[in-house]
> 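Sending over a structure as structure tokens; questions will come in a sec.
Convention: sequence-line order gives letters A, B, ...; per-chain numbering from 1.
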Amino acid sequence: MEHIRTTKVEQVKLLDRFSTSNKSLTGTLYLTATHLLFIDAHQKETWILHHHIASVEKLALTTSGCPLVIQCKNFRTVHFIVPRERDCHDIYNSLLQLSKQAKYEDLYAFSYNPKQNDAERLRGWELIDLAEEYKRMGVPNSNWQLSDANRDYKICETYPRELYVPRIASKPIIVGSSKFRSKGRFPVLSYYHQSKEAAICRCSQPLSGFSARCLEDEHLLQAISKANPANRYMYVMDTRPRLNAMANRAAGKGYENEDNYSNIRFQFVGIENIHVMRSSLQKLLEVNGTKGLSVNDFYSGLESSGWLRHIKAVMDAAIFLAKAIEAESASVLVHCSDGWDRTSQVCSLGSLLLDPYYRTIRGFMVLIEKDWISFGHKFSERCGHLDGDPKEVSPVFTQFLECVWHLTEQFPQAFEFNEAFLLQIHEHIHSCQFGNFIGNCQKEREELKLKEKTYSLWPFLLDDQKKYLNPLYGSQSQKSAVLEPNTVSFNFKFWRNMYHQFDRTLHPRQSVFNIIMNMNEQNKQLEKDIKDLESQIKQRKNKQTDGILSKELLNSVRPESPALKATLSLKEQALLPVNDVLRTIEGSSPADNRYSEYADEFSKAEPAVVSLEYGVARMTC
Amino acid sequence: MEFAELIRTGQAQAELLRGPEEPPLRGTLCITGHHLMLSPGPQATPDLWLLLLRNVDSIEKRVAGDSGTITLRCKDLRVLQLDIEGVEATLDIARSIEALSSLESVITSFPFFYRPKGLRLGDAWHFHPPECYYKRVARETNAWRLSEANEDFSLCPSYPRAVIVPRAVDDSALARSARFRQGGRFPVLSYYHAPSGTVLLRAGQPLTGPQKRRCSEDEDLLRAVLAGARPGARGVIVDTRSPQAAKQARMTGGGTEAKAAYPGWKRLHRPLETGRPLQESFVRLVEACGDLEQSMDRWLNRLESCRWLSHVKETLSTACLAAQSMEQEGACVLVHGAEGTDSTLLITSLAQLILDPLSRTMAGFQELIEREWIQAGHPFQLRCAHSAFSHARPKHEAPTFLLFLDCVWQLGRQFPLSLEFGEGMLLALFDHAYASPFGTFLCNNEKERCLCEVRTRTHSLWSGLSQPKEQRKLRNPLYVPNPLAIWPSAEPQSLRLWQGLFLRGTRPPEPSEVAWEKVWQIVTDQEKTEGSQPTDSASEAGP
């Protein structure tokens, strides 16, 4: 690799970003073609993928060395001190180069090889099949059909090839409408609610300016209305704040005029644009990265960042959408400006509220494939995969995941997956390790030949499914119901496990999840054992009446159950931590916390930092 | 005094609203000396609805037409609404509730009349006398003795009859030291940390006054503490006031330990709010939690400006500091503020929860509360006279005990497997501290409790809580004994608002409660399946 000048630096110190003392771990820093690796004296490895690096900063030289601060897109912040300035400079320059790639072909996914053959890889890509998904929703049907208008990406480059539209909408209407919409993104089906016969449709803003009209577009909306026999009117949700939408009119864009469209109910829902969201997250990270943060500064920072306000706005919009369908059986057309950011958020969250299938592990993958990947959410630009325009970067998808997390908090039994699943997906939208999120639309992905050159993330997540299961999933009422979240302000909380995923000192010291999961599995195993034993008893009794009682059979029934043994050993390991490694987690160490400056005086040996990885290293090695 | 004089009306027809999502209850409303009762008609469920009048914190009445509405805001933070037929009846009922809920006499309070089936008077009272804890200490060290110098409460009215003091100090020296400490609260042992051989002590402030008085017996006492620990042991005095406040206290006769007078002891100041500011913080938080319509910004702003979570953070980190001084540094720790009955107890009790695995068990936690709060003289009657809704001008009210419970809740959230009791236990303690049919939290100290014969004439909360039917509510199904110290994170990102308590009045029953039930189910399933397997194999060994 031409960018790497130094591959190994010894005696590097890793500081904890929240510790007030200058305690640190000393170890060796390695630079590989794909990762930065730190191995401390306890042989504990910290892997950082180059693609995850958001910024590298070299601070002023100190007596102990040259500080290097690396901020990652998965909200990890590491603070190294490199003894020699020259080494620091080399690493700094290499990382600057390595973290910003100019070409897609240089991304990790194109070199990542999980040792699968071509057939396995292809099967992986076919795991999520959107045609299958539309079939599950119940389309095509008498009102909705598959349109071949965009088969060659001729009408809209950022849409998928296969689009579902009202059966009565002819091709000229579609073409006409697409010319009247930003980027040609005309109204198409996103979700079909079978029992209500209502649809969620999505598009971009109309090019209405101050007075322009388009009869085809008006017809298309009418066709969407008519495709819903249950209700005569439909909602048109503009997810932007009214002011933004009005400002767009001056640029020849804008929003639907209710006078021109028959039977629409027009509604603004006021979600801010990508730039506001980007700076909001920026502020949030500044606040929660502060050392020695007081409660007051934390909450006033949380307030002024506006982050939770934005999350609530997205959630409220999704609830409005779900209600329109559930309570009024009305179809809803959702758009923002281009129809790939806020529209994706609202459509996908709305569907998630309505349809329990999307709350399963596989269903959630389908939802992301459909509303985000296929409809052209610009992952590569929003996540800054390549060295591009920083103004295009925005945490739109992160917000979606956070909304889902809030739902899992409010409805702990409604989701098949747990928090780790959301964090893992978040990890991989930035990792560029799999092909799914590379590129900005389907057309681009096809041109990159991602399906031939890279792997899909989903089969790997499914193989690891056990880690992502929610042990509480399954109460019938929550499992099948339409979710009606309460968006009172105090239901929105700071997502510590996302923004402090790697700051071990801030975590709860014990996890309930794994314990319950294990218990649940043991219960199932034990119940099965009981059944087996009972059937054996029955068998034996039958035989006994026949007068045959073999010694061999007795032995086969009586052996100690392996499951029971497993239970005991689990109890000893996981529930009664006595060894040193677990000690630091379970009991934690007071040295990790800043109770006072006085703590410094008391400082003794620092325990090993156990970084809670959500699998990157594991999956990459 | 006769309650009948205060009861203006016999009964009325009323409808009761108990909060969001709970069905209204219709029936006949009735007031007795201690309760508000609603008895549904014969056609409805036979359940009688009962409210202890002492639980009423504020009452608001409105009349319109020929009916009225009474809103009762309870000390346990629940809000009830009664729609009553008849204007006269409404006003009479409101007046009766007002009069009866503000009675101050202890011996006519409900615990003296409460005689539940299945409980015997005097049960469980002797679970936690000071002797009991002394036995635990004596098993580990010989440096401490149980002194009965306070047998007649003459040294210190807010201490129990027996206290644990250094063996080297005799009773007359204790008497001198008591005169040198606020409220007679001379330094006594609160907790002995066996692994490090260090002790946690608590006291009232020394009465140095503007002349910087000294008391050699008091100095000897603290010297004896260090001598009893181990050679060369250091001591740390945690003063829960700011240096300025401690200095200012000299003007009114109080003060703090002078460095020169107590060699080997180092003083640290960790200001913790008590009294009025703490009560105001509580009131403002509850107010903010009652507003369902506020915007996100307004909510975050109010959460910040009420400062409640700041208090939680300060308390937790001070407790950690005390615990850390003992466990990590092997220092003896003395905690005091001014009176030594509020923030002092917060710190000593929390430090024990952090260090002592026994105090995290069901029985150990009850013992801790009995020893470190009730017998240690936290003035419950004064502090819990009113809760967050009262319009009365606060005098001595302060939610110190609630702050303790909140900190324990935070510990439980960070160590969900290490506490044997669950959130239900903490909620129950909060409820009972403010209004209870049991006598445990009555009065301000042991002396008063003796005068009122609380021990012999009322039932103990601990026996009430040990009823089998209560257990599922109170216990943590996931508890696994953890022999280590549990060090919480006190960073703002790690602390959360205790929604189960503060949003009680506004939040509908959450699905999370259903989820908790599910956890219980999984755990009991586990126990059942594990238990049933051997029986199965046993039954098969039979024939």
> Side chains of Q499(B) and N491(A): closer than 4.5 Å at any heavy-atom pair?
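Side-chain contact under 4.5 Å: yes.
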> Over all heavy atoms of both residues, which pair between R307(B) and N296(A) is shortest? Give the atoms and the distance, please.
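Heavy atoms only, the tightest pair is NH1-ND2, 3.2 Å.
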> Using a 4.5 Å cut-off on heavy atoms from C-beta on, say whether the side chain of L309(B) contacts that of Y299(A).
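Of all side-chain heavy-atom pairs linking L309(B) with Y299(A), at least one is under 4.5 Å.
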> Can you name the closest pair of heavy atoms from W299(B) and S489(A) and give their distance?
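Taking every non-hydrogen atom into account, CB-CB, 3.6 Å.
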> Using heavy-atom distances under 4.5 Å, tell me whether S295(B) contacts chain A through its side chain, its backbone, both, or neither.
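It is the backbone, since no side chain atom gets that close.
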> What distance do F490(A) atom CZ and L503(B) atom CG have between them, rounded to the nearest 0.5 Å?
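Rounded to the nearest 0.5 Å, the CZ-CG separation comes to 5.0 Å.
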> Backbone N or O of F494(A) within a donor-acceptor pair of the Q493(B) side chain at under 3.5 Å?
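The answer is no, because no donor-acceptor pair under 3.5 Å joins these two groups.
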> Output the distance between atom CD (E304(B)) and atom OG (S300(A)), rounded to the nearest 0.5 Å.
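Those atoms lie 4.5 Å apart.
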> I need the S310(B) OG to F298(A) CZ distance, nearest 0.5 Å.
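So the gap between those two atoms works out to 11.5 Å.
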> Kindly compute the distance separating NE2 (H500(A)) from CD (E491(B)), expressed to the nearest 0.5 Å.
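Reported value, rounded in 0.5 Å steps: 8.5 Å.
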> Can you tell me which portion of A319(B) sits under 4.5 Å from chain A's heavy atoms? Options are side chain, backbone, both or neither.
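Contact with chain A is absent: no heavy atom of A319(B) under 4.5 Å.
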> Can you tell me which of R298(B), Q294(B), E314(B), M296(B) forms the most heavy-atom pairs within a distance under 4.5 Å of chain A?
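Option with the top pair count is M296(B).
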